[in-house]
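Here is the structure we will look at.
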2 protein chains.
Amino acid sequence: MKISELASLTSIPSKTIRFYEAEGLLPHPKRTQAGYRDYEGAAVERLTFIKKARILGLPLKEVEGVLQLHERQQPTCVHVRALLEDKLAQAERAIQDLLAFREELVRLRDRAGTLADCCPTRGSVCGIIQESEIVQGVNAGGPHG
Amino acid sequence: MKISELASLTSIPSKTIRFYEAEGLLPHPKRTQAGYRDYEGAAVERLTFIKKARILGLPLKEVEGVLQLHERQQPTCVHVRALLEDKLAQAERAIQDLLAFREELVRLRDRAGTLADCCPTRGSVCGIIQESEIVQGVNAGGPHG
DNA sequence: TCTTGACCTTCCAGTTGCTGGAAGGTCTAA
DNA sequence: TTAGACCTTCCAGCAACTGGAAGGTCAAGA
């Protein structure tokens, strides 16, 4: 099948499919006389796997690693299990961070309602942000140290 | 003060401070005879604002917009309030997504415990991911449509 | 005074995961 | 034949940094 059909079947854009091939996640498919890519049905499965792994937050490099284990007839699930544990721990952390973050946003939002709109004088840019207790954000690292 | 002192006071790396200046978020500071940047104390406040705004998830472009409102003596908080409402809605969505995502991860993790480790034959790459119900991830969009 | 290490500068390019556009070729229904 | 929809490769851009190269400056210690 042509790339557009594969894109349609997997909901992954043609551009992205070509990108994945260039990154080594997909084998180079056969070509038609005209040079068009000609995919087998197995490509649907492979791309669906990649898509799900991406949704799970596995970086492309890790996805590639798992796919290579598969190609070398090595067990993959034990590998994926470890990745999963890692992702689960990350998700737990992210949830905690996000809940705390939401508290602060609610606080800021409520505070902003009572704050007179700052007429900027020589003072702070915006009292809402300036006075916030925000030190660390959602991701474990935050934008800055 | 030198850039390293400013970096230390704000916990923002020198590289990033120079980046922000290049992006227009910071005014060009005076220079010493040697060409070194020489900052006033106000730079600490401005950078702290930028840092907090980043943590709140405001893209640099939006931060710049708020700073420009400030420079034009226009009210900023009404602007920030709208941004805040937006961010709060996003955070609520992210929380819901993340909670659902965690459910799925837990399910996958538990399922993985009972799944015999797949000896890759001609079958799927990894049963854990392949059989998952994952269609959409944490962010509203997910990696693919 | 000289040395050396820590700082400073600008410029360039890289990271990750895409995604758009240019330039040019192919296919097919009307 | 025509025109629109597809295909190809190549290049570069996005966001928000961040590292390294190449070269200059500063100051404490020998």
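We name chains A, B, ... by the order of the sequence lines, and we start the count at 1 in each one.
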Sequence-distant partners of [X], salt bridge (Lys or Arg N to Asp or Glu O under 4.0 Å), two or more places apart:
{"X": "E23(A)", "value": "none"}
{"X": "K61(A)", "value": "E64(A)"}
{"X": "E62(B)", "value": "none"}

Tell me what R18(B) touches on the nucleic acid: a base, only sugar-phosphate, or nothing, going by heavy atoms under 4.0 Å.
base

Can you tell which of [options] lies closest to the side chain of [X]?
{"X": "P13(B)", "options": "dT9(D), dT18(D), dC8(C)", "answer": "dT18(D)"}
{"X": "L60(A)", "options": "dC18(C), dT9(C), dC8(C)", "answer": "dC18(C)"}
{"X": "P59(A)", "options": "dG17(C), dT8(D), dT10(C)", "answer": "dG17(C)"}
{"X": "Y20(A)", "options": "dC17(D), dT8(D), dC18(C)", "answer": "dC18(C)"}
{"X": "R54(B)", "options": "dT18(D), dA16(D), dC8(C)", "answer": "dA16(D)"}

Could you give the [atom1]-to-[atom2] distance, from [X] to [N], as a whole number of Å?
{"X": "L47(B)", "N": "dC17(D)", "atom1": "CG", "atom2": "C1'", "result": "14 Å"}
{"X": "E23(A)", "N": "dG14(C)", "atom1": "CD", "atom2": "P", "result": "14 Å"}
{"X": "I3(B)", "N": "dT10(C)", "atom1": "CD1", "atom2": "P", "result": "9 Å"}
{"X": "I17(B)", "N": "dT18(D)", "atom1": "CD1", "atom2": "P", "result": "11 Å"}
{"X": "E21(B)", "N": "dC8(C)", "atom1": "CD", "atom2": "C1'", "result": "13 Å"}
{"X": "D38(B)", "N": "dT25(D)", "atom1": "CG", "atom2": "C1'", "result": "15 Å"}
{"X": "I50(B)", "N": "dA16(D)", "atom1": "CD1", "atom2": "C1'", "result": "13 Å"}
{"X": "F19(A)", "N": "dT8(D)", "atom1": "CZ", "atom2": "P", "result": "17 Å"}

Check: [X] side chain, [Y] main-chain N or O, donor-acceptor pair, under 3.5 Å:
{"X": "T48(B)", "Y": "V44(B)", "answer": "yes"}
{"X": "R18(A)", "Y": "A22(A)", "answer": "no"}
{"X": "K51(A)", "Y": "T10(A)", "answer": "yes"}

For Watson-Crick and G-U wobble pairs within 3.5 Å on both distances, what is DNA chain D written in dot-bracket notation, | included for inter-strand pairing?
||||||||||||||||||||||||||||||

Is there a donor and acceptor pair, one atom on the side chain of K15(A) and one on the base of dG17(C), closer than 3.5 Å?
no

I need the minimum non-hydrogen distance between P59(A) and R54(A), along with the two atoms involved.
CA-NH1, 4.1 Å

Minimum heavy-atom distance S14(A)-S4(A), with the two atoms named:
OG-CA, 4.2 Å

Grouping I, L, V, M, F, W and Y whenever their side-chain heavy atoms are under 4.5 Å apart, do L9(A) and Y36(A) come out in a common cluster?
no

Taking 4.0 Å as the cut-off, does a side-chain nitrogen or oxygen of R37(A) come that near to OP1 or OP2 on dT8(D)?
yes

Establish, with yes or no, whether the OP1 or OP2 oxygen of dA16(D) is under 4.0 angstrom from a side-chain nitrogen or oxygen of T16(B).
no

So the salt bridge (Lys or Arg N to Asp or Glu O under 4.0 Å) pairs with at least one residue in residues 33-43 of chain B (sequence neighbours excluded) are E21(B)-R37(B), K30(B)-D38(B), K30(B)-E40(B)

Reading 5' to 3' through nucleotides 24-30 of chain C, protein heavy-atom contacts under 4.0 Å coded B for base, S for sugar-phosphate only, - for none
-BBS---

